[in-house]
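Quick note on labels: first sequence line is chain A, next is B, and so on, each numbered from 1. When reading the values below, keep in mind they use all heavy atoms of this one structure, side chains included, and skip hydrogens, waters and symmetry mates.
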Number of protein chains: 2
Amino acid sequence: MKISQRSQLLKGILEGCILSIIKMQPTYGYEVSMKLQEFGLSDVSEGSIYPILLRLQKEKLIIGEMKKSDTGPKRKYYQLTTEGEIQLTEFIHQWELLKQPVDKIIEKGVHYNKNK
Amino acid sequence: MKISQRSQLLKGILEGCILSIIKMQPTYGYEVSMKLQEFGLSDVSEGSIYPILLRLQKEKLIIGEMKKSDTGPKRKYYQLTTEGEIQLTEFIHQWELLKQPVDKIIEKGVHYNKNK
DNA sequence: ATAGCTACCTTGCGATGCAAAGTAGCTTAT
DNA sequence: ATAAGCTACTTTGCATCGCAAGGTAGCTAT
């Protein structure tokens with residue numbers, strides 16, 4: 001998520017959402033998947049999430065730390081780095097830049113329908 | 001854009017936008033690229049658009065027809081098929097289903113920032 | 001005739017989402 | 001104790017997508 005900006009955003013929505021979720025509160029992968037469900041992104045599988053977490057970690061946007069759990073196996077808690085915060089801000093900006101045109105385009109298409 | 005629903009949507013936003021633009025009015029590829037710019041999707045190249053148009057045509061969501069132009073080479077005007085209308089409606093639905101959670105996730109992340 | 005615009009098409013790459021399958025710790029029931 | 005089921009993390013491999021780059025060709029104006 002460095003060089004190519006918008007184009008990546010088109011497929012990188014999940015990445016930004018995960019950054020935002022981690023920002024709310026340090027979290028581990030399994031909980032991320034449950035939070036995404038709560039928010040309404042119900043069909044995002046762990047096969048998507050964990051690779052993203054690893055990638056984000058490799059890019060130093062988040063850092064992970066293993067912690068014991070009372071109720072199950074150890075968890076890897078992630079939190080944002082400064083660079084991660086910057087990238088999240090950038091993501092939000094790009095998301096707005098994408099959303100507005102798309103909404104406009106859709107609205108105008110639907111509107112045309114009504115005049116028919 | 002048949003079997004896999006949401007996952008395709010994540011990368012298929014452009015496809016839906018092009019369907020919507022064609023719905024407004026039968027259009028040819030070059031004009032689609034200019035309309036996308038007008039709407040604010042300024043960095044979408046023809047290298048993205050034409051493959052999509054060909055794909056949509058192959059999937060029978062649009063049909064094309066060559067017409068002479070007064071001001072340049074012939075244009076291939078596309079218009080939606082019935083199936084294309086259905087898919088566009090489906091796209092809009094999926095877009096809403098994507099947008100709302102993402103907005104919520106972003107909002108909550110930003111909100112957390114303020115309480116800091 | 002040559003430059004520049006209009007208009008279309010193709011190739012090839014990198015990135016992504018995700019199904020699928022695997023590993024392993026912990027808890028509860030049998 | 002041992003099987004079942006949940007929690008939690010990881011890897012592999014595939015299909016798809018966006019797009020830069022390059023190519024073709026008609027039309028218009030200089």
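Protein atom CG of B:D70 is 15 Å distant from nucleotide atom C1' of C:dA7, rounded to whole Å. As rounded to whole Å, 15 Å separates atom C1' of D:dT24 from atom NZ of B:K76. Here the P atom of nucleotide C:dC8 and the NZ atom of B:K67 are 13 Å apart, to the nearest Å. Distance A:Q57 CD to D:dT11 P: 11 Å, rounded to the nearest Å. Between the CD atom of B:E59 and the C1' atom of D:dC17 there is a distance of 13 Å, given to the nearest Å. Regarding B:L53, its CG atom lies at a distance of 14 Å from the P atom of C:dA7, rounded to whole Å. The CE-C1' distance, from B:M66 to D:dA25, rounds to 11 Å in whole Å. To the nearest angstrom, C1' of D:dT10 lies 13 Å from CD1 of A:I49.
When each of B:G29 and A:G72 is assigned the nucleotide of DNA chain C bearing its nearest heavy atom, the one mapping closer to the 5' terminus is B:G29. Checking B:K74 against A:Y78, the closest nucleotide of DNA chain D that is more toward the 5' end is the one next to A:Y78.
Relative to the side chain of B:E15, the nucleotides D:dC17, D:dC9, C:dA7 differ in distance, and D:dC17 lies closest. For B:L14, the side-chain atoms get nearest to D:dG18 when compared with the rest of C:dT6, D:dT11, D:dG18. When distances run from any side-chain atom of A:P51 to the nucleotides C:dG17, C:dC8, C:dC18, the shortest one goes to C:dC18. Considering only the side chain of B:P73, C:dT6 comes nearest among D:dT10, C:dC18, C:dT6. Closest contact between the side chain of B:R55 and the listed nucleotides C:dC9, D:dC9, D:dC17 involves D:dC17. Nearest nucleotide to the side chain of B:V44, out of D:dA8, D:dC17, D:dC19: D:dC19. For A:L54, whose side chain is taken as the heavy atoms from C-beta onward, the closest listed nucleotide among D:dT11, C:dA7, D:dC19 is D:dT11.
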Step by step, work out the salt bridge (charged side-chain N to carboxylate O under 4.0 Å, His left out) result for B:E96 and B:K99. CA-CA 5 Å; B:E96 292 300 326; B:K99 194 176 54 166; 3.6 Å; yes

Residues A:E85, A:K23; criterion salt bridge (charged side-chain N to carboxylate O under 4.0 Å, His left out); working and verdict: CA-CA 8 Å; A:E85 297 249 14; A:K23 173 169 185 174; 3.3 Å; yes

Residue pair B:E31, B:R75: steps toward the salt bridge (charged side-chain N to carboxylate O under 4.0 Å, His left out) verdict: CA-CA 10 Å; B:E31 197 184 28; B:R75 299 163 176 171; over 6 Å; no

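Annotation: side chain of A:T27 is not in contact with side chain of A:Y78 (no heavy-atom distance under 4.5 Å). Taking 4.5 Å as the limit, some side-chain heavy atom of B:W95 sits within range of a side-chain heavy atom of A:V102. Side-chain contact between A:E15 and A:F91 is absent, with no heavy atoms from C-beta onward closer than 4.5 Å. Here the side chains of B:K35 and B:V32 are not in contact, with every heavy-atom distance at 4.5 Å or above.
For the helix from C:dA1-D:dT30 to C:dT30-D:dA1, the angle separating the two terminal helix axes comes to 0°, with each axis derived from five pairs and the value rounded to 10°.
With A:S48 contributing its side chain and A:E46 its backbone, the two residues share no donor-acceptor pair below 3.5 Å.
Taking only side-chain nitrogens and oxygens, A:S45 comes nearer than 4.0 Å to OP1 or OP2 of C:dA19. The shortest distance between the side-chain N/O atoms of B:Y30 and the OP1/OP2 oxygens of C:dC8 is not below 4.0 Å. Between A:K68 and the phosphate of C:dC26, there is no side-chain N or O to OP1/OP2 separation shorter than 4.0 Å. Phosphate proximity of D:dA8 to A:Y28: present, with a side-chain N or O under 4.0 Å from OP1 or OP2. Using a 4.0 Å cut-off, no side-chain N or O of A:S48 falls inside it from OP1 or OP2 of C:dG17.
No hydrogens or angles were tested; on distance alone, a donor-acceptor pair under 3.5 Å links the side chain of B:E46 to the base of C:dC8.
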